[in-house]
Amino acid sequence: MSKITKEQYEFALARVEELLPLVTDSTSANDRNAIELAMMSDVVIDYEKEHYPIGKPTVAQLIQISLDEKNMSQRQLAETIGVSPSRISDYVSGRAEPTLRVARLLCTTLGITPAAMLGC
């Protein structure tokens with residue numbers, strides 16, 4: 001595919017907004033609006049992948065996101081996995097990386113995949 005210009009991206013983004021209310025789960029895949037929505041979405045996705053790449057979260061971000069999702073405090077996590085609250089603070093701030101043993105406990109407790117924890 002040729003390089004997508006900013007103008008094409010903005011057009012496609014606006015068109016996606018217009019088409020979204022017209023296409024539902026019950027809309028046929030052969031419907032004109034559904035086909036156009038898929039095409040415009042591809043343009044938006046391709047442009048955003050190139051211009052707004054999303055990097056993998058850091059260990060610190062993974063821990064904070066998981067704490068937020070579980071509505072759990074750093075202190076509660078520390079008590080659950082048997083480390084000091086200041087150590088959890090070090091992990092969340094990025095000042096320290098967890099040991100393999102602690103990383104395993106974090107994965108189990110917070111539901112983080114080992115691959116994500118390892119940055120894979």
Side-chain angles (χ1 to χ4, degrees):
M1 179 176 236
S2 63
K3 188 167 171 77
I4 300 162
T5 66
K6 183 172 181 162
E7 292 76 23
Q8 290 169 326
Y9 164 73
E10 289 172 351
F11 173 84
L13 192 58
R15 192 66 186 129
V16 165
E17 292 296 324
E18 294 168 0
L19 291 165
L20 277 173
L22 306 176
V23 178
T24 66
D25 290 340
S26 61
T27 303
S28 166
N30 295 326
D31 179 83
R32 275 185 41 211
N33 290 330
I35 293 169
E36 185 181 359
L37 178 60
M39 293 172 66
M40 292 296 109
S41 295
D42 287 346
V43 169
V44 169
I45 289 166
D46 289 346
Y47 184 89
E48 288 181 352
K49 278 183 183 174
E50 181 179 346
H51 295 278
Y52 308 113
I54 298 174
K56 293 183 186 207
T58 64
V59 170
Q61 291 168 328
L62 282 172
I63 295 169
Q64 187 59 61
I65 290 166
S66 298
L67 285 171
D68 293 344
E69 287 175 352
K70 294 194 174 304
N71 203 18
M72 180 185 249
S73 70
Q74 289 183 23
R75 181 171 297 284
Q76 289 170 316
L77 177 60
E79 291 170 4
T80 302
I81 67 170
V83 299
S84 71
S86 64
R87 202 70 187 136
I88 297 295
S89 177
D90 288 343
Y91 301 148
V92 171
S93 70
R95 287 187 300 266
E97 293 277 328
T99 63
L100 186 57
R101 182 188 74 77
V102 172
R104 188 177 313 122
L105 292 168
L106 289 169
C107 287
T108 303
T109 304
L110 297 175
I112 299 170
T113 65
M117 183 66 76
L118 293 171
C120 298

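Everything numeric in this text was worked out from a predicted model, so none of it was measured.
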Engineer: In the single-linkage hydrophobic clustering (I, L, V, M, F, W, Y; side-chain heavy atoms under 4.5 Å), do Leu13 and Leu22 co-cluster?
Structural biologist: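 Yes; Leu22 is reachable from Leu13 via cluster members.
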Engineer: Does a donor on one side chain sit under 3.5 Å from an acceptor on the other, for Ser89 and Arg95?
Structural biologist: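 Side chains of Ser89 and Arg95: pair found under 3.5 Å.
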Engineer: To check you understand the geometry: which heavy-atom pair defines the closest contact between Ile112 and Ser66, and what is its length?
Structural biologist: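 Shortest heavy-atom separation between Ile112 and Ser66 comes out as CG1-OG, 3.3 Å.
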Engineer: Quick check on Met72: does its CE atom have over 12 non-hydrogen neighbours (other residues, nucleotides or ligands) under 6.0 Å away?
Structural biologist: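 Yes, enclosed.
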Engineer: Which distance, rounded to the nearest 0.5 Å, do you find between the OG1 of Thr80 and the CZ of Arg75?
Structural biologist: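 The OG1 atom of Thr80 sits 12.0 Å away from the CZ atom of Arg75.
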Engineer: Distance from Leu106 atom CG to Arg104 atom CZ, nearest 0.5 Å?
Structural biologist: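 Separation between the atoms: 11.0 Å.
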Engineer: Between CG of Leu20 and CZ of Arg15, what distance do you get to the nearest 0.5 Å?
Structural biologist: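 With rounding to 0.5 Å, CG (Leu20) is 10.5 Å from CZ (Arg15).
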Engineer: Counting C-beta onward and ignoring hydrogens, is there a side-chain heavy-atom pair between Thr27 and Asn33 closer than 4.5 Å?
Structural biologist: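 Heavy-atom side-chain distance check fails, nothing below 4.5 Å.
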Engineer: Can you give me the closest heavy-atom contact between Ala103 and Pro98, atom names plus distance?
Structural biologist: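 Nearest heavy atoms, Ala103 then Pro98: N-CB, 4.0 Å.
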Engineer: Taking a hydrophobic cluster as the set of Ile, Leu, Val, Met, Phe, Trp and Tyr residues connected by side-chain heavy atoms closer than 4.5 Å, whether directly or through intermediates, do Ile4 and Ile45 fall within one such cluster?
Structural biologist: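 No.
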Engineer: Above 12 or not: heavy atoms from other molecules or residues under 6.0 Å from CG of Asn71?
Structural biologist: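 At most 12 heavy atoms, drawn from other residues, nucleotides or ligands, come within 6.0 Å of this atom.
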Engineer: For Glu7, does its backbone N or O pair with a side-chain atom of Glu10 as donor and acceptor, under 3.5 Å?
Structural biologist: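 No, because the side chain of Glu10 does not come within donor-acceptor range (under 3.5 Å) of the backbone of Glu7.
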Engineer: So, Ser93 side chain and Asp90 main chain: donor-acceptor pair closer than 3.5 Å or not?
Structural biologist: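 Side chain of Ser93 to backbone of Asp90, a donor-acceptor pair under 3.5 Å: yes, one is there.
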Engineer: I'd like to know if the side chain of Gln8 pairs up with that of Thr5 as donor and acceptor (distance under 3.5 Å, no hydrogens or angles considered).
Structural biologist: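 The criterion, which ignores hydrogens and geometry beyond distance, is satisfied for Thr5 and Gln8.
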Engineer: Between Val16 and Leu19, is a side-chain contact (heavy atoms from CB on, under 4.5 Å) present by the stated rule, with each step listed?
Structural biologist: CA-CA 5 Å; Val16 165; Leu19 291 165; 5.9 Å; no
Engineer: For Glu48 and Tyr9, does a side-chain donor sit closer than 3.5 Å to a side-chain acceptor?
Structural biologist: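 Yes, because at least one side-chain N or O of Glu48 sits under 3.5 Å from a partner of the opposite role on Tyr9.
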Engineer: What's in the same ILVMFWY side-chain cluster as Ile54, cut-off under 4.5 Å, chained through other members?
Structural biologist: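 Its cluster mates, by chain and number: none.
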Engineer: Do Leu110 and Leu118 share a hydrophobic cluster (ILVMFWY, side-chain heavy atoms under 4.5 Å, transitive)?
Structural biologist: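 Different clusters: Leu110 never reaches Leu118 through Ile, Leu, Val, Met, Phe, Trp or Tyr contacts under 4.5 Å.
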Engineer: Once rounded to the nearest 0.5 Å, what's the spacing between atom CD of Glu36 and atom CD of Glu18?
Structural biologist: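 Between atom CD of Glu36 and atom CD of Glu18 there are 8.5 Å.
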Engineer: Please find the pair of heavy atoms, one from Val92 and one from Leu67, that lie closest to each other, and give the distance.
Structural biologist: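 Of all heavy-atom pairs spanning Val92 and Leu67, the closest is CG2-CD1, 4.2 Å.
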Engineer: From Leu77 CG over to Ile88 CD1, what is the distance, rounded to the nearest 0.5 angstrom?
Structural biologist: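 Answer for the CG-CD1 pair, Leu77 versus Ile88, is 4.0 Å.
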Engineer: For the atom pair NZ (Lys3) and CG (Asp46), what is the distance rounded to the nearest 0.5 Å?
Structural biologist: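 Going from NZ on Lys3 over to CG on Asp46, the span is 11.5 Å.
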Engineer: With the 4.5 Å side-chain cut-off for hydrophobic clustering, are Ile35 and Phe11 part of the same group?
Structural biologist: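 No, because Ile35 and Phe11 fall into different hydrophobic clusters, even though each may have its own neighbours under 4.5 Å.
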Engineer: Please find the pair of heavy atoms, one from Gly94 and one from Ala60, that lie closest to each other, and give the distance.
Structural biologist: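 Residues Gly94 and Ala60, closest heavy atoms: N-CB, 3.9 Å.
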Engineer: Please find the pair of heavy atoms, one from Met117 and one from Cys107, that lie closest to each other, and give the distance.
Structural biologist: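 Closest heavy-atom pair between Met117 and Cys107: CB-SG, 3.8 Å.
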Engineer: Less than 4.5 Å apart, side chain to side chain, heavy atoms only: is that true for Arg101 and Leu105?
Structural biologist: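 Of all side-chain heavy-atom pairs linking Leu105 with Arg101, at least one is under 4.5 Å.
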Engineer: When you compare the side chain of Glu69 with that of Ile65, does any pair of heavy atoms fall below 4.5 Å?
Structural biologist: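 Side chain of Ile65 against side chain of Glu69, heavy atoms only: contact under 4.5 Å found.
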Engineer: Do Tyr91 and Gln74 come close enough that some side-chain heavy atom pair is under 4.5 Å?
Structural biologist: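 No; the side chains remain at least 4.5 Å from each other.
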Engineer: List the atom of Leu62, the atom of Pro57, and the distance in Å for their closest heavy-atom pair.
Structural biologist: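 Minimum heavy-atom contact is CD2-CG, 3.8 Å.
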Engineer: Whether the side chain of Glu17 engages the backbone of Ala14 through a donor-acceptor N/O pair (distance < 3.5 Å, no angle test) should be reported.
Structural biologist: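 Not a single qualifying donor-acceptor pair exists.
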